[in-house]
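Comments concern the structure below.
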Amino acid sequence: MSLPTGVERRTVDDRERLVTRGEPVYGEPTVGEWRVWDAGRSKLGAMLSIGVETGLDGGETVLYLGAASGTTVSHVADFCGPTYAVEFAPRPARDLVGVASSRENLFPLLKDARRPETYAHVVERDLGVIVQDVATRGQADVALRNRRFLRDDGRLLLAVKARSEDVTAAPADVFDRVREQLAEGYEILETRRLDRYHADHLAVVARPR
Ligand code: SAM
């Protein structure tokens with residue numbers, strides 16, 4: 001699996017880690033101008049670490065749903081093009097604005113990802129990538145509602161948290177239901193459990209159908 005341009009593997013403290021080049025954000029270790037991308041704190045970092053075929057080349061325009069305080073989206077903006085970061089909780093969004101201040105291609109949006117019509121006038125169409133990590137009930141629905149932004153051969157990179165859908169159900173059953181729902185608007189290319197880094201999470205790579 002090739003990594004996107006701008007993401008490298010480096011040995012840091014005797015461990016092989018992913019790194020991107022940019023301003024540190026969350027106290028992560030750095031090597032020169034490179035900073036460690038902690039797969040334990042990032043579902044997209046975990047996907048790349050375990051070799052999921054994300055289709056990311058680097059340089060894509062990205063819509064990131066569930067940006068929180070900017071841990072992962074800061075790495076994304078380090079190797080991608082314009083990066084629209086949607087987060088609906090004001091507290092993390094404040095931190096996100098700070099993270100964006102040193103990244104001219106990162107655009108924070110204090111918006112609800114279930115209501116894409118509220119940011120459709122800002123976000124470009126024909127995007128290369130949607131990254132989604134909202135960890136709330138209705139994760140497939142959020143992906144379907146935002147599909148309108150993706151170009152035909154674009155990629156959805158989705159992290160599904162089973163417990164956010166149903167705390168009592170077996171994660172495998174939750175993932176089956178999410179896959180079924182997603183198929184209404186996406187062709188699923190790959191799914192992988194992320195348990196090595198994130199318990200009861202499923203990574204999904206899909207493209208619009
Ligand atoms: N992706 C982040 C990272 O790796 O740095 C972590 C995201 S955290 C697991 C999930 C985030 O999604 C929370 O900050 C939460 O407020 C946000 N979120 C949940 N539902 C949302 C919605 N409907 N619209 C926007 N943000 C949402």
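The chain is numbered in sequence order, starting from 1. Worth knowing before you read on, the calculation uses all heavy atoms, side chains too, and leaves out hydrogens, waters and symmetry mates.
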- Task: Decide, yes or no, whether a salt bridge links R145 with D141 under the criterion of side-chain N to carboxylate O below 4.0 Å.
- Result: yes
[X], [atom1]: over 12 other non-hydrogen atoms inside 6.0 angstrom:
{"X": "R10", "atom1": "CZ", "value": "yes"}
{"X": "R125", "atom1": "CZ", "value": "yes"}
{"X": "R115", "atom1": "CZ", "value": "no"}
{"X": "E117", "atom1": "CD", "value": "yes"}
{"X": "E187", "atom1": "CD", "value": "yes"}
{"X": "D153", "atom1": "CG", "value": "yes"}

Do you know which two heavy atoms are closest between [X] and [Y], and how far apart they sit?
{"X": "N146", "Y": "V142", "result": "ND2-O, 2.9 Å"}
{"X": "N105", "Y": "A77", "result": "ND2-O, 2.8 Å"}
{"X": "R35", "Y": "T30", "result": "CB-CG2, 3.8 Å"}
{"X": "F149", "Y": "E124", "result": "CD2-O, 3.8 Å"}
{"X": "F175", "Y": "H201", "result": "CZ-C, 3.7 Å"}
{"X": "A39", "Y": "H198", "result": "O-NE2, 2.8 Å"}

Just by distance, with hydrogens left out, do [X] and [Y] show a side-chain donor and acceptor under 3.5 Å apart?
{"X": "S49", "Y": "R196", "answer": "no"}
{"X": "Q139", "Y": "Q132", "answer": "no"}
{"X": "D78", "Y": "T20", "answer": "yes"}

- If the plane angle is over 60° it's perpendicular, under 30° parallel, otherwise tilted; pick one for H75 and Y26. perpendicular
Are [X] and [Y] packed together at the side-chain level, in the sense that at least one heavy-atom pair is separated by less than 4.5 angstrom?
{"X": "V122", "Y": "F107", "result": "no"}
{"X": "R155", "Y": "T54", "result": "no"}
{"X": "S74", "Y": "R103", "result": "yes"}

- Where do V99 and V73 land on the side-chain contact (heavy atoms from CB on, under 4.5 Å) test, with the steps shown first? CA-CA 9 Å; V99 170; V73 79; 5.6 Å; no
- Roughly how far apart are R207 CZ and L156 CG, rounded to 0.5 Å? 12.5 Å
- Atom CZ in R17, atom OG1 in T11: separation rounded to 0.5 Å? 11.0 Å
- Have a look at L63 and tell me which of V131, V129, T83, I130 forms a side chain to side chain contact (heavy atoms under 4.5 Å, CB included) with it. I130
